[in-house]
2 protein chains.
Amino acid sequence: MVIRNPDKTRTALINAAFEEINQNGFQAASLNNILNETDVTKGALYHHFPSKLDLGYAVVDELISEAMNESWVVPLENSNNIIDSLLSLIDRSIKCRDDESICLGCPLNNLAQEMSPIDEGFRERINAIFDRWRSAIADGLSKGQTDGIVKETISADASAYFIVAAIEGATSLAKNAKSVDVLKTSLQGLKEHIQTLRN
Amino acid sequence: MVIRNPDKTRTALINAAFEEINQNGFQAASLNNILNETDVTKGALYHHFPSKLDLGYAVVDELISEAMNESWVVPLENSNNIIDSLLSLIDRSIKCRDDESICLGCPLNNLAQEMSPIDEGFRERINAIFDRWRSAIADGLSKGQTDGIVKETISADASAYFIVAAIEGATSLAKNAKSVDVLKTSLQGLKEHIQTLRN
DNA sequence: ATACATACATACTGGTCGGTATGTATAACA
DNA sequence: TGTTATACATACCGACCAGTATGTATGTAT
């Protein structure tokens with residue numbers, strides 16, 4: 001490499017690490033594979049990241065976290081009708097899936113399952129992302145209740161937990177079945193449930 | 001080892017492998033750790049199992065699969081009221097959890113997340129188990145419909161997918177949050193949903 | 001032009017991994 | 001009692017791993 005571009009190098013490493021981790025998990029992710037994919041050398045990698053763990057943390061903090069914000073948190077915070085927004089966001093999360101990408105499941109959930117019992121740093125980061133997601137839903141439901149859109153009888157907090165759980169579970173089932181149809185079918189029940197939250 | 005007991009040796013290996021895999025995942029599971037736990041030697045292990053992969057398959061086929069049958073499939077098949085049975089089985093799955101075991105999540109889901117994109121042998125085995133579970137629920141709901149216990153308007157198949165997804169998702173969230181309360185709260189929504197399936 | 005920090009590059013290390021080669025003790029069977 | 005398959009035990013192998021030591025080229029500030 002003759003022309004230097006440290007930011008680009010760093011981003012390339014994070015992106016490649018995301019792919020490798022998403023395919024093989026964090027522990028089985030090979031730094032050498034990441035280096036081969038990016039044409040970055042080991043010296044450069046360890047210049048930007050003190051360890052494999054820190055590279056993994058950066059993937060969560062700078063890539064997965066941002067993706068969650070863009071696709072869920074921000075749209076939910078800007079929504080005026082939480083029910084409609086949830087339904088359309090769920091639809092969008094189905095539509096942007098093909099039979100290939102479905103096999104990799106939800107990157108956040110993958111990492112959560114693998115790393116949360118093993119490494120507290122991962123667990124806290126991942127948990128914070130889930131929390132922001134769930135809070136955005138819970139806040140939306142609460143606001144919907146004061147606006148008269150959402151039933152007063154339900155618990156916004158419990159409903160939010162349940163919705164997040166159902167989405168993650170559906171993605172997980174679909175991943176294992178290698179089938180977008182399984183995702184659709186599993187989320188159909190969720191969509192009907194969300195309809196029942198209307199006032 | 002002076003007195004031989006090949007069956008016991010084999011079972012000990014499978015049990016220890018289950019623990020190790022459940023803690024660290026399959027790929028990161030160390031055969032040496034399993035051998036240390038069991039006081040079995042590597043020669044004995046490779047006498048009983050041709051490879052690490054086959055040991056993993058045996059854990060799924062002979063341990064996880066059986067546990068799923070005992071705790072879900074058989075009770076559901078013997079049930080006369082699917083709604084009541086589901087609710088009590090869900091309650092039982094909450095009660096048998098403490099803050100320690102919650103951190104390891106659902107062994108089946110853990111393996112599914114890690115191995116289904118990587119190894120087709122694991123994927124098929126795991127998928128078959130999920131299928132039996134889901135089918136038992138779907139069959140129960142269908143039977144409930146003919147018995148007049150369950151609403152005619154719902155799709156038994158879609159509901160079964162949704163229920164399994166919600167349970168797995170809730171377990172997954174609770175694992176990441178290290179909290180039985182998260183499991184309870186997430187499943188509360190599911191229980192309310194199941195109540196609405198009553199005729 | 002000089003000095004210095006940043007951004008790489010290369011070669012290597014110790015350790016762990018799954019797997020194997022080979023040998024030996026035990027049990028079953030003739 | 002002799003034979004043979006089973007059930008282990010030990011020592012070792014090559015491959016791969018994350019990480020490091022060391023060196024060099026590049027950009028930047030003075």
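A quick note: this is a predicted structure, and the numbers were derived from the prediction, not measured. Hydrogens, waters and symmetry mates play no part in the numbers below; they use all other heavy atoms, side chains included. By convention in this document, chain letters (A, B, ...) are assigned in the order of the sequence lines, proteins followed by strands, and residues within each chain are numbered from 1.
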Discussion item. Distance check needed: C:dG19 P versus B:L53 CG, whole Å only.
Written reply: 8 Å
Fill in: Complementary nucleotide of D:dT30, counting Watson-Crick and G-U pairs under 3.5 Å
C:dA1
Discussion item. Between B:R132 and B:E77, does any side-chain N to carboxylate O distance fall below 4.0 Å?
Written reply: no
Fill in: d(CG, B:L31; P, D:dC13) in whole Å
20 Å
Fill in: A:N32 side-chain N/O to D:dC17 phosphate OP1/OP2 under 4.0 Å
yes
Discussion item. Could you check whether any side-chain N or O of A:Q145 sits under 3.5 Å from a backbone N or O of A:K151, counting only pairs where one atom can act as donor and the other as acceptor?
Written reply: yes
Worksheet item: Hey, does the side chain of A:S30 come within less than 4.0 Å of D:dC17's phosphate (OP1/OP2), counting only N and O?
Response: yes
Worksheet item: Are any of A:H48's side-chain N or O atoms less than 4.0 Å away from OP1 or OP2 of C:dC8?
Response: yes
Worksheet item: Does D:dA5 pair with anything, Watson-Crick or G-U wobble, both distances under 3.5 Å, and if so, with which nucleotide?
Response: C:dT26
Worksheet item: Could you state the CG-P distance from B:D39 to D:dT10, rounded to the nearest angstrom?
Response: 11 Å
Discussion item. Should the side chain of B:K42 and the base of C:dG19 be counted as holding a donor-acceptor pair, with the cut-off at 3.5 Å?
Written reply: yes
Worksheet item: Expressed in angstrom and rounded to an integer, what is the separation of A:K52 atom NZ from D:dT20 atom C1'?
Response: 17 Å
Worksheet item: Rounding to a whole Å, what distance do you find between A:I34:CD1 and D:dA18:C1'?
Response: 11 Å
Item to complete: Let me know the distance between OH of A:Y46 and P of C:dT10, rounded to the nearest Å.
Response: 17 Å
Discussion item. For C:dC8 and A:H47 - does any side-chain N or O of the residue sit under 4.0 Å from the phosphate oxygens OP1/OP2?
Written reply: no
Worksheet item: So what does B:A28 touch, heavy atoms closer than 4.0 Å: a base, only the sugar-phosphate, or nothing?
Response: nothing
Worksheet item: For the pair made of CZ in A:R10 and P in C:dT6, what is the distance, rounded to whole Å?
Response: 15 Å
Worksheet item: Is any side-chain nitrogen or oxygen of A:T9 closer than 4.0 Å to OP1 or OP2 of C:dC8?
Response: yes
Worksheet item: Does a distance-only test, which skips hydrogens and angles, find a donor-acceptor pair under 3.5 Å between the side chain of B:R4 and the base of D:dA7?
Response: yes
Fill in: cation_pi(B:K191, A:F162) dist<6.0 Å, angle<=45
no
Worksheet item: Heavy-atom distance under 4.5 Å between the side chains of B:S179 and B:I102, does that happen here?
Response: no
Practice prompt. Anything under 30° is parallel, anything over 60° is perpendicular, the rest tilted; go ahead and classify A:F26 against A:F122.
Written response: perpendicular
Response to the item:
note: A:L45, atom CG; D:dC17, atom P; distance rounded to Å ~ 13 Å
